[in-house]
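The basis for the numbers below is simple: all heavy atoms, side chains too, and nothing from hydrogens, waters or symmetry mates. Order of the sequence lines fixes the chain letters, A, B, ..., with proteins taken first and strands second; residue numbering starts at 1 for each chain.
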Amino acid sequence: GNSVTQMEGPVTLSEEAFLTINCTYTATGYPSLFWYVQYPGEGLQLLLKATKADDKGSNKGFEATYRKETTSFHLEKGSVQVSDSAVYFCALLTGANSKLTFGKGITLSVRP
Amino acid sequence: GAVVSQHPSRVICKSGTSVKIECRSLDFQATTMFWYRQFPKQSLMLMATSNEGSKATYEQGVEKDKFLINHASLTLSTLTVTSAHPEDSSFYICSAPARPLGSSYNEQFFGPGTRLTVL
């Protein structure tokens, strides 16, 4: 079956620090990969996505590259801001049923 | 982009009552919608797949008589928590797939969630 593994959290960083959040997956077929962000008290928002191997998704300074050889989709940002404090979920989608498989999520706190 | 709304955003009810949560796709049609439950500081747990015009498909361990799902139209799915108890208190989120313009893939669009508190 499909699964997504995220690094354990929470993560606390100082403003302008470099961020890496690891995500690896197992899947049948050729999944699309996503990072979702959830700000406090809100629903999920799509942060970025990649639909095939070697694609790089990017948005709001965040990037992630679809690495088929390592089955990974690590999220990176060069300089985090306090406003990036949120929960980040890695997810994959395969097949026609559009059913997402989520990782456990990781809480990022950025201090001024 | 595609927008999904949920109503209400928050609800507090007494134990034993039933609560209905609505999920609407505002600018697209959705023959399928998904209902998730999220416990504090945990991931989303898929509860069921709501299918327009047919029965919902429930994930293993989810009580279908407890969580009634009705996909009444191509833009509306409802989740009714029947005889709610404090352990049903949670954040319920729905999503619907849609294909963004120019894309060959479906993408999930999430509602803002409904916070249910059962006293």
Participant: More than 12 foreign heavy atoms under 6.0 Å from NZ of A:Lys68: is that the case here?
Facilitator: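 Not more than 12 within 6.0 Å, no.
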Participant: With a 6.0 Å cut-off (strictly less than), is the heavy-atom count around CD of B:Glu87, excluding the residue itself, greater than 12?
Facilitator: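 Above 12, so yes.
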Participant: What part of B:Gln38 lies closer than 4.5 angstrom to a heavy atom of chain A: side chain, backbone, both or neither?
Facilitator: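 Only the side chain of B:Gln38 comes within 4.5 Å of chain A.
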Participant: For A:Leu44, is it the side chain, the backbone, both or neither that has a heavy atom under 4.5 Å from a heavy atom of chain B?
Facilitator: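 For A:Leu44, the contact with chain B is made by backbone and side chain together.
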Participant: Under 4.5 Å between side-chain heavy atoms, hopping through other hydrophobics if needed: is there a path connecting A:Tyr66 to A:Leu75?
Facilitator: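 They do share one cluster, since a chain of ILVMFWY contacts under 4.5 Å joins A:Tyr66 to A:Leu75.
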Participant: If I take atom CD from residue B:Glu107 and atom CG from residue A:Leu46, how far apart are they, to the nearest 0.5 angstrom?
Facilitator: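 Atom-to-atom, B:Glu107:CD and A:Leu46:CG are 4.5 Å apart.
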Participant: Does CZ belonging to B:Arg99 count more than 12 external heavy atoms closer than 6.0 Å?
Facilitator: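 Atom CZ in B:Arg99 is packed in, count exceeds 12.
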Participant: Is A:Gln6 close to chain B through its backbone or its side chain, or both, or neither, when contacts mean heavy atoms under 4.5 Å?
Facilitator: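 Contact with chain B involves no heavy atom of A:Gln6 at all.
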Participant: According to a hydrophobic-cluster definition based on side-chain heavy atoms being under 4.5 Å apart (Ile, Leu, Val, Met, Phe, Trp, Tyr only), do A:Val37 and A:Leu92 belong together?
Facilitator: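 Yes, same cluster.
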Participant: Using the rule that two of Ile, Leu, Val, Met, Phe, Trp, Tyr join whenever any of their side-chain heavy atoms come within less than 4.5 Å, decide whether A:Ile106 and A:Leu13 are in one cluster.
Facilitator: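 Yes.
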Participant: Got a sec: does the CD of A:Glu69 have more than 12 other heavy atoms crowding it under 6.0 Å?
Facilitator: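 Atom CD in A:Glu69 is packed in, count exceeds 12.
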Participant: Looking at B:Ile93, B:Val4, B:Leu44, B:Leu46, which one has more heavy-atom pairs under 4.5 Å with chain A than the rest?
Facilitator: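 Looking at each option in turn, the highest pair count goes to B:Leu44.
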Participant: What's the spacing between B:Phe34 CZ and A:Leu100 CG if we round to 0.5 Å?
Facilitator: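 Atom-to-atom, B:Phe34:CZ and A:Leu100:CG are 7.5 Å apart.
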Participant: Heavy atoms only: give me the nearest A:Glu42-B:Phe91 pair and the separation to one decimal.
Facilitator: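 In terms of heavy atoms, the two residues are closest at O-CE2, 3.6 Å.
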Participant: Is any side-chain heavy atom of B:Gln108 closer than 4.5 Å to a side-chain heavy atom of A:Phe34?
Facilitator: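 Contact flag for B:Gln108/A:Phe34 side chains = no.
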Participant: Please classify the contact of A:Ser32 with chain B as side chain, backbone, both or neither, using a heavy-atom distance under 4.5 Å.
Facilitator: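 Looking at A:Ser32, just its side chain touches chain B.
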Participant: Take A:Phe102 and B:Met45, measure what side chain to side chain contact (heavy atoms under 4.5 Å, CB included) needs, and give me the verdict at the end.
Facilitator: CA-CA 8 Å; A:Phe102 284 93; B:Met45 181 192 79; over 6 Å; no
